[in-house]
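Written out below as structure tokens is the structure these notes cover.
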Amino acid sequence: MIEVQGLSRRYGEFTAVDGISFQVDQGEIVGFLGPNGAGKTTAIRMITGFLPPSEGQITVAGYDLLAQPVAARRQIGYLPETVSLYGEMRVREYLVYRARLQGMGRMDARRAIGEALERCLLDEVEEQIIGTLSKGFRQRVGLATAILHQPRVLVLDEPTVGLDPKQIVAIRQLIRELGAERTLLLSTHILPEVELLCNRVLIIDRGKIVDQGTPDGLRERWRGNPTLRLDLKGEPAEAEQRLLGLNGVIQVRRLDRPTGEGAPEASRFSLECEVGRDLREEVFRLCVEQGWVLLGLSEDKASLEEIFVRLTAHESAQEATEDGRPQPLEPGPLESEPLEEAS
Ligand code: ATP
């Protein structure tokens with residue numbers, strides 16, 4: 001649905017986007033993930049037709065954006081990083097204005113506005129002055145504007161930036177619903193957002209795509225050797241040596257204690273194991289044998305955050321081992337799991 005080939009943008013001598021190529025298939029929600037200044041907004045502005053590329057090709061729903069800009073842009077709904085709305089207008093009035101700008105007839109506009117208001121849960125505030133709305137609701141008006149002409153592709157640039165946690169949950173829910181019916185490209189630097197919303201991730205850094213895949217696929221590729229995380233009560237003597245003595249354990253690292261309310265006094269270890277080995281049973285048996293109280297034992301999946309940090313650390317992508325496999329990731333003291341959202 002979106003095809004990008006060799007896309008670049010230079011500002012004078014500086015290359016903000018450097019020959020990126022990717023495609024987004026129909027029905028996918030793809031996350032464009034990168035640190036500040038990576039080139040996300042520049043790429044998105046080119047893909048939505050707001051910024052001419054220095055080089056490259058962009059096709060949206062089969063239309064070449066440079067050769068057929070009107071037809072291509074008709075397929076795209078765009079929510080920019082900073083939504084500019086007319087603060088003195090009422091919500092419905094603003095959508096009528098936007099529908100007219102898009103050349104919609106009266107009947108089509110009425111139907112499209114009704115649908116957009118309903119879809120973005122704006123019915124209750126349709127007569128409210130936009131300037132008096134909360135930021136979350138203004139973002140909904142931005143989304144309603146983006147879907148007004150019923151585009152097949154939605155492109156959202158940092159859609160939850162500046163919102164409070166409750167508003168973030170609500171906007172993500174809305175994005176998920178909108179994504180169920182459309183192809184969606186979403187830029188963000190918020191990792192949990194990617195885990196929660198996206199089927200696929202493109203990691204962009206310094207203008208280049210440094211890796212891409214599903215969140216699970218990226219974890220699989222970058223996880224290195226299987227790792228177990230183990231919590232033992234208290235400070236069992238010689239635990240590290242005994243764990244290292246288990247057949248199949250390559251390395252044992254002591255991690256910070258578990259923290260948080262009610263966290264027990266415990267010792268935490270990370271056990272790097274040989275590829276293909278699941279040593280949970282052996283670890284359990286060793287605990288029984290040694291009389292250690294086992295508080296927790298789990299497989300330690302590399303978090304997307306660790307992968308992201310590693311890929312954008314600016315020397316990391318070359319740090320693969322000689323056989324080309326990525327090195328295992330250093331386990332953090334506490335992984336940041338995706339935020340659980342209350343519905
Ligand atoms: P953020 O997450 O902070 O919004 P981003 O990934 O969207 O960052 P861009 O806004 O695309 O990054 O910027 C990429 C690089 O291009 C940055 O170094 C930025 O300073 C530079 N840049 C962007 N616009 C211009 C411009 N008009 N002139 C010169 N440099 C620019």
Side-chain angles (χ1 to χ4, degrees), residues 2-24 29-58 60 65-66 73 76-85 135-136 138-139 142-143 146 153-165 167-168 171-172 175 184-198 200-213 215 218 304-317 336 338-339:
I2 305 176
E3 265 190 72
V4 170
Q5 269 299 328
L7 188 65
S8 294
R9 172 71 200 196
R10 285 182 288 277
Y11 295 111
E13 294 287 288
F14 177 72
T15 304
V17 172
D18 193 0
I20 61 172
S21 301
F22 64 89
Q23 70 177 52
V24 181
I29 301 186
V30 171
F32 219 22
L33 180 69
N36 288 357
K40 305 182 295 292
T41 298
T42 304
I44 277 188
R45 284 174 59 76
M46 290 192 281
I47 292 163
T48 50
F50 283 85
L51 185 72
S54 305
E55 274 158 25
Q57 271 195 319
I58 303 159
V60 180
L65 184 68
L66 300 176
R73 284 180 67 173
I76 304 173
Y78 173 40
L79 181 76
E81 194 173 5
T82 318
V83 188
S84 37
L85 304 167
K135 186 146 193 327
R138 286 206 296 275
Q139 201 69 334
L143 279 167
V153 174
L154 255 187
V155 180
L156 315 178
D157 195 359
E158 306 267 8
T160 59
V161 156
L163 302 183
D164 71 33
Q167 293 168 337
I168 288 177
I171 291 294
R172 282 186 188 151
I175 292 171
L184 215 145
L185 179 65
L186 162 99
S187 111
T188 182
H189 60 266
I190 305 169
L191 285 143
E193 196 147 284
V194 168
E195 300 250 22
L196 286 165
L197 292 176
C198 301
R200 196 152 62 81
V201 194
L202 307 169
I203 300 183
I204 179 165
D205 185 38
R206 300 198 292 186
K208 288 186 155 64
I209 292 175
V210 289
D211 205 351
Q212 57 178 300
L218 285 169
L304 201 55
E305 185 163 0
E306 289 168 307
I307 295 165
F308 177 68
V309 168
R310 184 179 171 87
L311 281 172
T312 57
H314 298 161
E315 77 285 354
S316 50
S336 57
L339 295 172

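Note that ligands are numbered from 1 as they come in the structure, with each ligand's atoms numbered from 1 the same way.
If you run side-chain contact (heavy atoms from CB on, under 4.5 Å) between Asp18 and each of Arg9, Lys208, Arg206, only Lys208 comes through.
For Gly37, a nitrogen or oxygen atom sits less than 3.5 Å from a nitrogen or oxygen atom of ligand 1, counting backbone and side chain alike. Taking distance alone, with nitrogen or oxygen atoms compared against 3.5 Å, Ala16 stays at or beyond that limit from ligand 1.
Look at Arg45 and you'll find every heavy atom at least 4.0 Å from all atoms of ligand 1. Using a 4.0 angstrom heavy-atom cutoff, Gly39 counts as in contact with ligand 1. Remark: distances from the non-hydrogen atoms of Pro35 to ligand 1 include one below 4.0 Å.
Of all protein heavy atoms, the one lying nearest to atom 21 (C) of ligand 1 is Phe14 CE2, 3.7 Å. In terms of protein heavy-atom proximity, atom 10 (O) of ligand 1 is closest to Thr41 CB, 3.7 Å. If you check which protein heavy atom lies closest to atom 13 (O) of ligand 1, you get Thr42 OG1, 3.8 Å. Nearest protein heavy-atom contact of atom 30 (N) of ligand 1 is Tyr11 CD1, 3.4 Å.
Comment: Arg10 engages Glu55 in a salt bridge, judged by a side-chain N to carboxylate O separation of less than 4.0 angstrom.
The residue from Arg9, Lys40, Glu81 that puts a heavy atom closest to atom 4 (O) of ligand 1 is Glu81.
Near Asn36, with a cut-off below 4.0 Å to any heavy atom, the atoms of ligand 1 are 1 (P), 2 (O), 3 (O), 8 (O). Taking every heavy atom of Glu158 and a limit of under 4.0 angstrom, the matching atoms of ligand 1 come to 2 (O). Near Ala38, with a cut-off below 4.0 Å to any heavy atom, the atoms of ligand 1 are 5 (P), 6 (O), 12 (O).
Val161 and Lys135 make their closest contact through O-NZ, 3.4 Å (heavy atoms, listed as atom of the first residue, atom of the second, distance).
By the 4.5 Å heavy-atom criterion applied to side chains, Val4 and Ile47 are counted as neighbours. Contact of the Leu7 side chain with the Ser21 side chain is not registered, since no non-hydrogen atoms from C-beta on lie closer than 4.5 Å. Considering only heavy atoms from C-beta on, Met46 comes within 4.5 Å of Ile58 through its side chain.
There is no protein heavy atom less than 4.0 angstrom from atom 19 (C) of ligand 1.
Annotation: the span from Lys40 atom NZ to Leu202 atom CG amounts to 12.5 Å, rounded to 0.5 Å.
With a 6.0 Å cutoff to the six-membered ring centre and a 45° limit on the axis angle, Arg200 does not count as a cation-pi contact of Phe22.
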- Verdict with reasoning, Ile76 to Val155, per side chain to side chain contact (heavy atoms under 4.5 Å, CB included): CA-CA 7 Å; Ile76 304 173; Val155 180; 4.0 Å; yes

